[in-house]
Amino acid sequence: MALARCLASLLCGLLMAAPMWAQDPATHKLPEHHAKAGVHCFDCHHEEKPTKKAVASDSCMTCHGDYPAMKALTKDVKPNPHDSHLGEIPCTECHRQHQAPKVKCLECHEGKFKFNIR
């Protein structure tokens with residue numbers, strides 16, 4: 001009887017702790033294109049279980065190319081967000097994978113441009 005009670009307590013404790021081990025899909029969900037590509041936390045954060053570690057632009061450039069390549073890719077977008085008068089802006093200033101994208105340009109140029117970013 002004592003063994004059964006001990007095992008039941010252990011099982012309850014494990015079940016109660018399970019949410020700490022699981023990622024909350026609402027806050028850690030990747031955009032569909034990254035999820036389909038099989039991108040995992042470590043690929044960008046270089047940590048197995050990152051908490052709030054920022055992603056360096058070098059991580060993005062591993063798959064997407066360097067800044068000149070992105071500038072060439074978006075050459076037909078007017079204005080070209082990768083050809084900023086501010087220079088090379090860190091990718092995560094606009095492309096925030098676990099949150100909605102944010103257009104850095106619109107902080108100063110609100111209402112002047114329309115962008116469709118992912």
Side-chain angles (χ1 to χ4, degrees):
M1 188 66 147
L3 179 60
R5 193 173 289 155
C6 182
L7 288 174
S9 294
L10 180 62
L11 182 59
C12 279
L14 288 172
L15 289 173
M16 289 173 63
M20 293 187 312
W21 300 324
Q23 289 187 350
D24 178 3
T27 58
H28 295 289
K29 188 175 180 182
L30 278 176
E32 189 175 336
H33 58 279
H34 277 160
K36 281 184 178 180
V39 174
H40 299 283
C41 302
F42 186 84
D43 298 326
C44 301
H45 292 275
H46 301 285
E47 285 185 7
E48 205 55 51
K49 293 184 180 180
T51 51
K52 295 198 182 276
K53 182 179 180 186
V55 173
S57 291
D58 288 344
S59 290
C60 304
M61 292 175 188
T62 299
C63 297
H64 296 282
D66 61 8
Y67 224 87
M70 291 308 300
K71 180 179 171 182
L73 183 70
T74 55
K75 69 183 183 311
D76 295 330
V77 177
K78 302 298 178 209
N80 187 338
H82 298 106
D83 188 17
S84 172
H85 61 90
L86 298 175
E88 295 182 2
I89 298 168
C91 303
T92 55
E93 288 289 321
C94 298
H95 306 278
R96 302 174 319 160
Q97 296 306 295
H98 300 295
Q99 301 170 7
K102 175 183 168 187
V103 182
K104 181 82 172 156
C105 300
L106 298 180
E107 288 179 2
C108 298
H109 304 286
E110 186 177 346
K112 292 183 180 181
F113 308 115
K114 188 171 187 165
F115 293 96
N116 181 20
I117 65 171
R118 296 185 268 152

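Not measured: the values here are computed from a predicted model. Just so you know, these numbers use all the heavy atoms, side chains as well, and skip hydrogens, waters and symmetry mates.
- Residues C41 and E47 fail the side-chain proximity criterion, which asks for heavy atoms closer than 4.5 Å.
- Taking a 4.5 Å side-chain heavy-atom cut-off between Ile, Leu, Val, Met, Phe, Trp and Tyr, the cluster of M70 extends to L73.
- Atom OG1 of T92 sits about 11.0 Å away from atom NE2 of H98, to the nearest 0.5 Å.
- In this structure H109 satisfies the side chain to side chain donor-acceptor pair (under 3.5 Å) test with no other residue, sequence neighbours excluded.
- Shown here are the ring pair (Phe, Tyr, Trp, His ring centres under 6.0 Å) partners of H64, two or more places apart in sequence or in another chain: H34.
- N80 is linked by a side chain to side chain donor-acceptor pair (under 3.5 Å) to T74, counting only residues two or more places apart in sequence or in another chain.
- In terms of hydrophobic clustering, with Ile, Leu, Val, Met, Phe, Trp and Tyr side chains grouped at heavy-atom distances under 4.5 Å, L86 and M61 are assigned to a common cluster.
- Between the SG atom of C91 and the OH atom of Y67 there is a distance of 6.5 Å, given to the nearest 0.5 Å.
- Legend: salt bridge (Lys or Arg N to Asp or Glu O under 4.0 Å) pairs involving residues 32-42, not counting sequence neighbours, sorted by first then second residue: E32-K36.
- Here the closest heavy-atom approach between residue C44 and residue V39 is recorded as SG-CG1, 4.0 Å.
- When side chains are defined from C-beta on, V103 does not count as touching P81, because their heavy atoms never get closer than 4.5 Å.
- Here salt bridge (Lys or Arg N to Asp or Glu O under 4.0 Å) pairs that include residues 66-78, with residues two or more places apart or in two chains, are K71-D83.
- Counting only residues at least two apart or on different chains, the salt bridge (Lys or Arg N to Asp or Glu O under 4.0 Å) pairs with a member in residues 84-93 are E93-K104.
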